Amino acid sequence: MEKTSGQKYGTGLKEHLHKNVFVNGAISSVFIAESISKHSAKKIIGAHSIFLGQVRNDVINGNEVQAIDYSTFEEMAQEKFQEIREAAFKKYSLTCLHIHHSIGRVNSGEINLFVFISSVHRIDAMEASAEIVERIKKEVPVWGKEIFEDERYQWKINS
Amino acid sequence: MEKTSGQKYGTGLKEHLHKNVFVNGAISSVFIAESISKHSAKKIIGAHSIFLGQVRNDVINGNEVQAIDYSTFEEMAQEKFQEIREAAFKKYSLTCLHIHHSIGRVNSGEINLFVFISSVHRIDAMEASAEIVERIKKEVPVWGKEIFEDERYQWKINS
Amino acid sequence: MEVNILAFGQIADITAKREWQIHDVRNTIEIRKKLEEEFPLLRSMSYMIAVNKKIISEDVQLEEHSTVALLPPFSGG
Amino acid sequence: MEVNILAFGQIADITAKREWQIHDVRNTIEIRKKLEEEFPLLRSMSYMIAVNKKIISEDVQLEEHSTVALLPPFSGG
């Protein structure tokens, strides 16, 4: 297990995280399709609930959001994602749970969050979905910087 | 508008329906990916909620389900899907709503239902999703025939 | 008076046909009676009736060329 | 005693650095005080502190090489 003190920002965990949760830039529809088709081998699954977050071109004080640049505290985010996963598997009867979040620049219209939950019966996947997305927004240390046309920016505030 | 009496099974509506809701055989992950990527032009969207139904290889009296063969009363299903759509747009603040259901044979592990809901704020798409899927299962005239290994079958019962 | 009958799912297995016409029925009670005489297995089945695509919950008078659909419990989705 | 400081999001804009060390602080109250002296803008910011990746809700004693992260409100997802 990792050390609980003296942890430096930017350890080997980073690699691991980039593979498993964080994706550089936008999440492509091809990536989503591949994730879906991989589950056809798991024939006990009856339902998939997928949540996708898409970057909106909100207009703020007359300026249109062109993109959001996401950054994170990766080691802490990793622990939090793990905690959210474990709680979900404990509370709901799930077959699979995959979470992917963008890091770096994601243009408006592109996908920055992909939560993919599978279960035997639909109720589990669907109820887990709302709770997991809520927890990701509230508890995971990720920050979005809204980039405007002239490369001005402001830090996003989750409503 | 359609006639309200003397309606024959198998009219021009069939064509229309096949295009818009019913898909022959399984719904492919490529089709799903294309549906997702089409929405990147709609930059006011902040959230997509996707529900996928996958055919399970349930074992019933020792026989494993190989596939489900879906049939429908298309004209009635079309009206019901339209009613469900209209109710959803009335109740929730949605940007888009697409429903696709398989007709014909779908093997276990394959997708037979694709409900794709988009909204500005996530709560609308997510709440609508549960309600729409529930209504499709309860109210739309579609029947699934569970096919076993020796081509024996039984009619599916929705729990 | 001619009425169109549509059978679906397990009902169509019992009737061995999916679409046909019957005559001399005035309402859905008479339809039910006539069909259950012809196909006694229907008596052990749970099914709904839709007249012109609307599910009925009580007896409905039929018109010339009404379409009566025999709907076993839905199992789509 | 040396403590690692990590700054994120809007806080890193204010501190103009993301990672550095500070010395001679024993607890999170002292850290907060020291940082807000160096970066007065922090006083108008809402931010949480995590010690070794755990968000704290009251004062925590620090150890040699503890990592103290300054976390503005999250806006991921």
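Lettering of chains follows the sequences in order, A, B, ..., and the numbering in each one begins at 1. Everything numeric here is computed off the predicted structure, so don't read it as measured data.
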Chain B heavy atoms under 4.5 Å from C:A12: which part of the residue, side chain, backbone, both or neither?
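Neither part.
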Hey, does C:T67 have a side-chain heavy atom less than 4.5 Å from the side chain of B:E75?
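When only atoms from C-beta onward are counted, C:T67 and B:E75 do not touch, as no gap falls below 4.5 Å.
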Report yes if some heavy atom in the side chain of B:E79 is under 4.5 Å from a heavy atom in the side chain of C:K54; otherwise report no.
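Result yes, sub-4.5 Å side-chain heavy-atom pair found.
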Spacing of OG belonging to C:S75 relative to NZ belonging to B:K137, to within rounding of 0.5 Å
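Output value for this atom pair is 9.5 Å.
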What distance do B:T72 atom OG1 and C:F74 atom CZ have between them, rounded to the nearest 0.5 Å?
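Atom-to-atom, B:T72:OG1 and C:F74:CZ are 9.0 Å apart.
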Evaluate side-chain contact (heavy atoms from CB on, under 4.5 Å) for C:I11 paired with B:W143, printing each intermediate quantity in order.
CA-CA 11 Å; C:I11 305 274; B:W143 297 274; over 6 Å; no
For the pair B:F73 and C:F8, name the ring-plane relationship: parallel under 30°, tilted 30 to 60°, perpendicular over 60°.
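Because their plane-to-plane angle is under 30°, the rings of B:F73 and C:F8 count as parallel.
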Should we say atom [atom1] of [X] is surrounded by more than 12 heavy atoms from elsewhere, each under 6.0 Å from it?
X: C:K17; atom1: NZ; value: yes
X: C:R43; atom1: CZ; value: yes
X: C:I56; atom1: CD1; value: yes

Residues forming a side chain to side chain contact (heavy atoms under 4.5 Å, CB included) with B:N107, sequence neighbours excluded
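For B:N107 the side chain to side chain contact (heavy atoms under 4.5 Å, CB included) partners, ignoring immediate neighbours, are B:A67, B:R105, B:E110.
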Does any heavy atom of chain C fall under 4.5 Å from the side chain of [X], the backbone, both, or neither of them?
X: B:Q154; value: neither
X: B:V133; value: neither
X: B:F114; value: neither
X: B:K138; value: backbone

Answer yes or no: is there a donor N or O on one side and an acceptor on the other, between the side chain of B:H101 and the main chain of C:G77, under 3.5 Å?
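Yes, B:H101 side chain to C:G77 backbone: donor-acceptor pair under 3.5 Å.
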